[in-house]
Amino acid sequence: MSQAANAEALDLVFWDPSGYRFNHPADWNQWRYIPDGLGGEIGIRFGVSSGFGTFDWNYGGVAPHGSNNDGTGAASFGKHEQANLASASVNAVRMQANSQFTGPQNNFTVELDFSRYKGSKVGGQDGVAGANTFIGVSDIYAGLTYAKTVLTITGTLADGKAGSPAGWKLVNGGAAPPTAGGNQPSAQLGLSNGVLQGTNQPAPGGMANSIDTVMGLVRLDAAGYKTLHLRYDIFPVGNNRAPRIDNSGLYVASAFPRKVVQPEPAKPVEPPKAEEPAKPVQPAKPTVVIKDEPGKRPGATTSYTFVVKNPDGSVAGKGCFTYETPEGGGEPKLTAFYYHDKVVGTIDKSNVQTFYFDQDDQRFAFVTGTPAKGICSLTADTSLPAQLTGIGGDGPRSYLDKTLGFPTPATGATTDESTTVPAVDLVVVIDSSVSMKDEAEALSKAVAAAIEAAKTKCPSDLRVTYLGVEGTFKNTLFDTTVKNYLTGTAKADESALRGRKKGSVAGGGAQEDGARAIEDVTLHFDWRANARRAIFFLGDEAFEGGGADVDKDDIDAANRSIEAAKKSEVRVHTYLGTSGAKEKQRKALEAEYARVAGETGGQAFTSQHALNGFQALLEKVICGSKSSTTSTTEFCCCQQYVEDAEHGGHA
C-alpha cells in the first residue's frame with residue numbers, strides 16, 4: 001500500500017460537524033447526519049463491537065462532538081501542505097475517553113454512511129465516496145509508552161459488496177511542533193490491508209519517544225464506497241496504564257483539483273510588470289471567535305461577566321472571561337475563562353473547546369469539557385431554545401429551563417498603581433522513592449517552565465521551594481529534603497515532625513509518607529506573613545508509607561494532613577504519577593489524591609494529564625489575588641469573581 005504523498009495540488013473541503021453533539025447514552029448506535037460541505041450529508045454513528053461495553057463519560061471523558069476550525073487538526077494539517085494539500089478550515093468529530101475503560105482491551109466503532117453524499121461535486125458519483133474523498137484520523141497511539149491503537153477500516157460498495165482497501169493511499173501527518181514537556185505527537189503511521197496503526201517509529205523530525213500521530217489522511221479509490229466501518233481496538237502497553245484514546249479526531253474531506261490560472265500573453269508595447277509576491281496560504285480560522293466593539297487600543301484587555309439563572313430567577317452559576325487585543329493587530333485572543341456552578345464545579349480556559357462572543361448579534365456561546373463527576377461536557381448558547389445542555393451524569397436534567405445571560409462588562413475590577421503585589425508561597429514536594437526517579441527530571445522541568453509562564457500572566461511576589469520526602473534526585477530542583485529544610489532553614493524542632501526517617505520503614509515507605517510530609521510542611525514551613533500558601537505534592541502511591549492499596553492508615557494520615565491544611569489556610573494540589581497499580585487500586589489512589597486536593601481547595605492531576613495542566617494550576621495559585629496592573633480588568637480579577645461566587649455560596 002503506497003504511503004507516498006500525492007503529487008496533485010488539491011484544495012480540501014471538510015465536512016461541517018458544528019451542529020453535531022452526542023447528547024445522551026441513547027445516542028449509541030443512532031445515525032446522525034452532518035453536512036458534507038458539498039450540499040449533501042454524511043451519516044455517522046458510534047457503537048462498540050460485540051463483547052465490549054460502552055464508555056462511562058463521567059470519568060474524565062468527553063463524548064463525541066463537532067469541532068469546526070479544530071485547533072489540533074489545523075495545527076497538524078500544516079504538515080499536509082507539503083503534499084500540495086490545502087484547506088481553509090479543518091473540521092473534526094472529536095471525542096475523549098481517557099480513563100476508566102471497560103477492560104484490559106478497549107473498543108469502539110464509527111460507521112460512516114455516504115448515501116446522501118454529493119460525490120458528483122468532486123468528480124465522482126452521488127451516494128458514494130470515491131477517489132477524491134479523504135478520511136482523516138488523529139491521536140492514534142503507536143504503543144511506545146501508554147497504549148497501542150489498531151484501527152481497521154472496511155467498506156461496502158454501492159452494490160452492497162465488500163470493498164477492497166488495496167487502492168487506498170496514506171499521507172502521514174508528520175511531526176508536531178515542539179511543546180513543553182511530555183511526548184510529541186508524531187509517530188509514523190502504517191496502512192496495510194485496511195489496518196491503520198502506529199509503527200513505533202517517529203515521523204521525520206519527530207522525537208524518538210513520540211507515541212501518537214498528529215493526523216493521517218487515507219485517500220479512497222475510485223471503486224466508490226457507500227459505507228465505511230472504522231473499528232478502534234486499544235491495548236495497554238507495559239501494564240502501566242489503562243488503555244485509552246485521548247482527544248481522538250475523525251475528519252472527512254473532499255478534494256477539488258486546484259485550478260491553474262494561465263497567464264495572459266505579454267503585450268510587447270507595454271513594459272514588463274514587476275512580479276507580485278505569491279499570496280501565502282490562509283491559515284485556518286481560530287476556534288475562538290470574538291466580535292466586540294471596534295476601536296479597542298492595541299494591547300488592551302477587556303473582561304466580561306455572565307450569570308446562569310434557574311427558572312425562578314435565582315443565580316445558578318457565575319462566569320467571566322477576558323480577551324486581549326493584540327499589539328500588532330489581528331483577532332482578539334481569549335486570555336482567561338472561568339465558570340462555576342454546583343453541577344460542574346469550576347472550569348477554566350483549559351477546558352474550553354469552542355468560544356463565540358458577538359456584541360452585534362447578541363450571541364454568546366461556549367462548549368467546555370470538565371473532569372467533574374456530575375457532568376463531562378457543558379454546551380451554552382444564548383441563541384438556542386435550550387440555552388444550556390450537559391452530557392453525562394445528571395447534566396441534561398440539571399440544566400432544564402436554565403438561562404444564560406448575555407455578558408456585561410466587568411465593573412469595579414480595575415486596580416490602581418498603589419495596589420500591593422500579592423505574596424505567594426508555593427512548596428513543591430515529591431515522593432523520592434525509586435519509582436518516581438524516571439519522572440522526577442521531567443516533573444522538575446515542567447513545573448519550573450509552568451511557573452515561569454504563569455509569572456508572566458500575573459505579577460506576584462512568588463517564592464517557590466522544592467523538597468523531597470526523605471530523599472533527593474540529582475540534576476533536578478529537588479535537592480533538599482523536607483526534614484533538612486524544616487529543621488535547618490525553618491528552624492523547626494525535629495521532635496515535632498511526623499515524617500519518619502529513611503530506612504525506618506520497609507521498602508521505600510518513609511520516602512512515600514506523602515500525608516506526613518504535607519502535614520509537616522503545613523505546620524512548620526517558614527510561611528511569610530500574609531502570603532497565600534500552597535503545597536503541590538507529587539507521588540505515585542498511597543499517602544502512608546506507599547503501596548498500591550489505600551487502607552485505613554492511609555486515610556487517617558490523609559485526614560490529619562487535610563485538617564492541618566484547613567486550619568493553616570494551605571491549599572494542597574496533588575499529582576498522581578504512573579505506577580504498577582491495578583485498575584481498581586488506581587481508582588482508589590486517584591480518589592484519595594483528589595480528596596486531599598478537593599477538601600483543601602486545591603486541584604488534583606494524574607499522569608494522564610501529561611503535565612499539560614500544570615501551567616493552568618500554577619497560574620491559579622500565582623494569580624489568586626488582584627495584581628498591580630492598571631487600566632482594565634485583568635486575568636486575576638476574572639478568577640477572583642468566580643472564586644467569590646464559589647466561596648460565597650451564590651453558585
Side-chain angles (χ1 to χ4, degrees), residues 56 58-61 97-104 106 145-147 236-244 246 371-373 428-440 442-443 447 468-471 499-500 505-519 535-562 565 571-600 602-614 617:
D56 185 344
N58 290 322
Y59 291 96
N98 61 349
S99 63
Q100 305 302 330
F101 284 31
T102 56
N106 191 31
T145 306
Y146 307 113
V237 170
N239 295 320
N240 60 344
R241 302 232 179 148
R244 64 181 192 167
D246 269 356
K373 289 186 177 181
V428 185
V429 181
I430 191 169
D431 158 5
S432 67
S433 62
V434 175
S435 61
M436 288 292 287
K437 184 177 181 180
D438 60 337
E439 296 192 64
L443 290 168
V447 172
V469 182
E470 281 299 288
R500 297 176 289 189
V505 185
Q511 295 163 264
E512 296 170 323
D513 276 343
R516 291 174 183 253
I518 293 170
E519 185 179 356
I535 295 173
F536 192 8
F537 176 74
L538 313 165
D540 63 352
E541 296 188 20
F543 279 118
E544 178 76 355
D549 293 313
V550 176
D551 56 24
K552 184 177 183 300
D553 289 341
D554 298 309
I555 295 173
D556 289 343
N559 287 339
R560 285 193 297 269
S561 68
I562 291 171
R571 290 191 178 188
V572 180
H573 309 280
T574 61
Y575 169 81
L576 178 63
T578 59
S579 70
K582 297 179 181 179
E583 184 178 1
K584 185 176 181 180
Q585 295 170 318
R586 178 89 183 172
K587 288 182 181 178
L589 288 171
E590 287 184 0
E592 193 65 359
Y593 272 59
R595 184 174 73 89
V596 171
E599 292 192 18
T600 60
Q603 188 169 348
F605 290 87
T606 71
S607 55
Q608 292 171 348
H609 290 90
L611 312 184
N612 292 333
F614 284 1
L617 162 66

(request) Only one of Val429, Val596, Ile562 passes side chain to side chain contact (heavy atoms under 4.5 Å, CB included) with Val572; say which it is. (result)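 Only one option passes, and that is Val596.
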(request) Please identify each residue that fulfils salt bridge (Lys or Arg N to Asp or Glu O under 4.0 Å) with Lys584, with sequence neighbours left out. (result)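 By the salt bridge (Lys or Arg N to Asp or Glu O under 4.0 Å) rule, Lys584 matches no residue at all.
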(message) Checking the side chain of Asp549 only, and the main-chain atoms of Asp551 only, is there a donor and an acceptor separated by less than 3.5 Å?
(response)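 Looks like no, no N/O pair under 3.5 Å.
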(message) Please check this pair: side chain of Gln511 against backbone of Ser432, looking for a donor-acceptor N/O pair closer than 3.5 Å.
(response)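 Looks like yes, one N/O pair under 3.5 Å.
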(message) Would you say the rings of Phe605 and Tyr593 are close, in the sense that their centroids are separated by under 6.0 Å?
(response)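 Distance test on ring centres: not under 6.0 Å, no.
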(request) Not counting sequence neighbours, which residues clear side chain to side chain donor-acceptor pair (under 3.5 Å) with Glu544? List them please. (result)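 If we apply the side chain to side chain donor-acceptor pair (under 3.5 Å) test to Glu544, skipping adjacent residues, the hits are Arg516.
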(request) Quick one: list whatever passes side chain to side chain donor-acceptor pair (under 3.5 Å) with Glu519, sequence neighbours left out. (result)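 Listed in chain order: Arg498.
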Looking only at heavy atoms, what is the nearest atom pair of [X] and [Y], with distance?
X: Ile535; Y: Ile518; value: CD1-O, 3.8 Å
X: Asp513; Y: Gly545; value: OD1-N, 2.8 Å
X: Ala558; Y: Ala515; value: N-CB, 3.8 Å
X: Thr600; Y: Ala565; value: CG2-CB, 3.7 Å

(request) Run the salt-bridge test on Glu583 and Arg586 with the 4.0 Å N-O cut-off and return the result as yes or no. (result)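 Not counted as a salt bridge, because no side-chain N and carboxylate O are separated by less than 4.0 Å.
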(message) Counting C-beta onward and ignoring hydrogens, is there a side-chain heavy-atom pair between Ile555 and Phe543 closer than 4.5 Å?
(response)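 A side-chain contact under 4.5 Å is absent here.
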